[in-house]
Protein chains: 2
Amino acid sequence: MEMAKKHLDAAQLLRKAQRLDASVDRSTVYRTLQLLKRQGLIDELDLMHIHGEGHYYERKLNRDHIHMACLRCGKISEFVSDVFEKLKRQVESDCRFRIVVSRLEIGGYCNACQKR
Amino acid sequence: MEMAKKHLDAAQLLRKAQRLDASVDRSTVYRTLQLLKRQGLIDELDLMHIHGEGHYYERKLNRDHIHMACLRCGKISEFVSDVFEKLKRQVESDCRFRIVVSRLEIGGYCNACQKR
DNA sequence: TTACGTGCAAAAAATTTGCAGTTTC
DNA sequence: GAAACTGCAAATTTTTTGCACGTAA
């Protein structure tokens, strides 16, 4: 599964998979996503539910990133921050909590939409 | 709606509401939640889907807090951090993004469960 | 009136499950 | 052959919608 492009929901992944093998079923997609999620190989997002109640998935990379969803134009942008890393380390030490997955999603207005 | 207690899902809110007025319908709950969400009066969480695919709601207070969900015992804990506030300010200035809502959820192992 | 909020019933969207047949080791 | 994976069909769960009615400004 080449989840190279990001932020795909289960239906999109199904369609992509069926382009390679038309017999692939929805349940296989969901079962595989569950597996990958448990292994920590993908991250699950909901992008502030701007486009409905579904979930989106992306390959987990070394560096976590923040997702920002524009409430007006729907654009999704990403941001990597040392402060985010610092925050996670603070949670781990202050709360004695071993972090496995983390997700920071922000809804608001992007630069372009603020100007209108 | 006394969402005093937190992290209630739509079904729980419906049951609570029906205790006061038995005729309340599911759709009213969902419509009200949509409204409150748009007004920024409540926050929507999914608590890392530890207990299923639903969503949880809580009154939005002055200070945002981080939610941590223990993948073993299911306990949800909360944490307030200045670093989180700093991170949000960084996003606003570095990305020129006007934040309306933000949500940081973390999955991992709580102090007690790490020791087992 | 005109807009709004509601219950009701039905639909739609998202995800899960049981089962039987294959493949894999 | 046991364990794991799959497609298929059907079921569940979660959320939304159309509609008719009542209410409030």
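The chains referred to below are lettered A, B, ... by the order of the sequence lines, with proteins before strands, and numbering in each begins at 1.
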**Q** Using atom CG of A:Asp21 as one end and atom P of D:dC5 as the other, report the distance to the nearest whole Å.
**A** 17 Å

**Q** Rounding to an integer number of Å, can you tell me how far A:Arg26 CZ sits from D:dA9 P?
**A** 10 Å

**Q** Ignoring hydrogens and geometry beyond distance, is a side-chain donor-acceptor pair present between A:His65 and A:Glu58 at under 3.5 Å?
**A** yes

**Q** Using whole Å, what does the distance between atom P of nucleotide D:dT14 and atom CG of B:Leu8 come to?
**A** 14 Å

**Q** Rounded to whole angstroms, how far apart are CD on B:Gln12 and C1' on D:dT14?
**A** 14 Å

**Q** Would B:Arg15 and B:Asp9 pass as an ion pair if we require N to O under 4.0 Å?
**A** no

**Q** Considering non-hydrogen atoms only, spot the tightest contact between B:Gln12 and B:His7 and give its length.
**A** OE1-O, 3.8 Å

**Q** Earliest and latest nucleotide of DNA chain C, 5' to 3', sitting under 4.0 Å from a non-hydrogen atom of chain B?
**A** C:dT6 to C:dT16

**Q** Salt bridge or not for B:Asp64 and B:Lys88, using N-O below 4.0 Å?
**A** yes

**Q** So what does A:Gln34 touch, heavy atoms closer than 4.0 Å: a base, only the sugar-phosphate, or nothing?
**A** sugar-phosphate

**Q** Identify, between A:Ser23 and B:Ala11, the residue whose nearest nucleotide on DNA chain D lies closer to the 5' end.
**A** A:Ser23

**Q** Does B:Tyr30 put a side-chain nitrogen or oxygen below 4.0 Å from OP1 or OP2 of D:dT16?
**A** no

**Q** When the distance from CG of B:Leu13 to P of D:dT14 is rounded to whole Å, what number comes out?
**A** 13 Å

**Q** Where is the tightest heavy-atom contact between B:Cys70 and B:Cys110, given as atom of each residue plus distance?
**A** SG-N, 3.5 Å

**Q** What is the distance, to the nearest angstrom, from the CZ atom on B:Arg31 to the C1' atom on D:dC19?
**A** 10 Å

**Q** In degrees, rounded to 10°, what is the bend between the two ends of the helix from C:dT1-D:dA25 to C:dC25-D:dG1, using five pairs at each?
**A** 30°

**Q** Taking the side chain as C-beta and beyond, is there a heavy-atom pair between A:Leu87 and B:Leu104 under 4.5 Å?
**A** yes

**Q** Between A:Leu14 (CG) and D:dC8 (P), how many Å, whole number?
**A** 11 Å

**Q** Kindly give the heavy-atom pair with the smallest separation between A:Phe84 and A:Ser102, and that separation in Å.
**A** CZ-OG, 4.1 Å

**Q** With nearest nucleotides of DNA chain D determined for B:Asp25 and B:Gly52 from heavy-atom distances, which residue corresponds to the more 5′ nucleotide?
**A** B:Gly52

**Q** Map B:Glu53 and B:Val24 onto DNA chain C by nearest heavy atom, then report which one ends up closer to the 5' terminus.
**A** B:Val24

**Q** Take the protein atom CZ of B:Arg15 and the nucleotide atom P of D:dT13, then report the distance between them rounded to whole Å.
**A** 12 Å

**Q** Locate the shortest heavy-atom distance separating B:Lys60 from B:Val100; write the atom from each residue and the value.
**A** NZ-O, 4.1 Å

**Q** Determine the minimum heavy-atom distance between A:Gln90 and B:Ser81, stating which atoms define it.
**A** OE1-OG, 2.6 Å

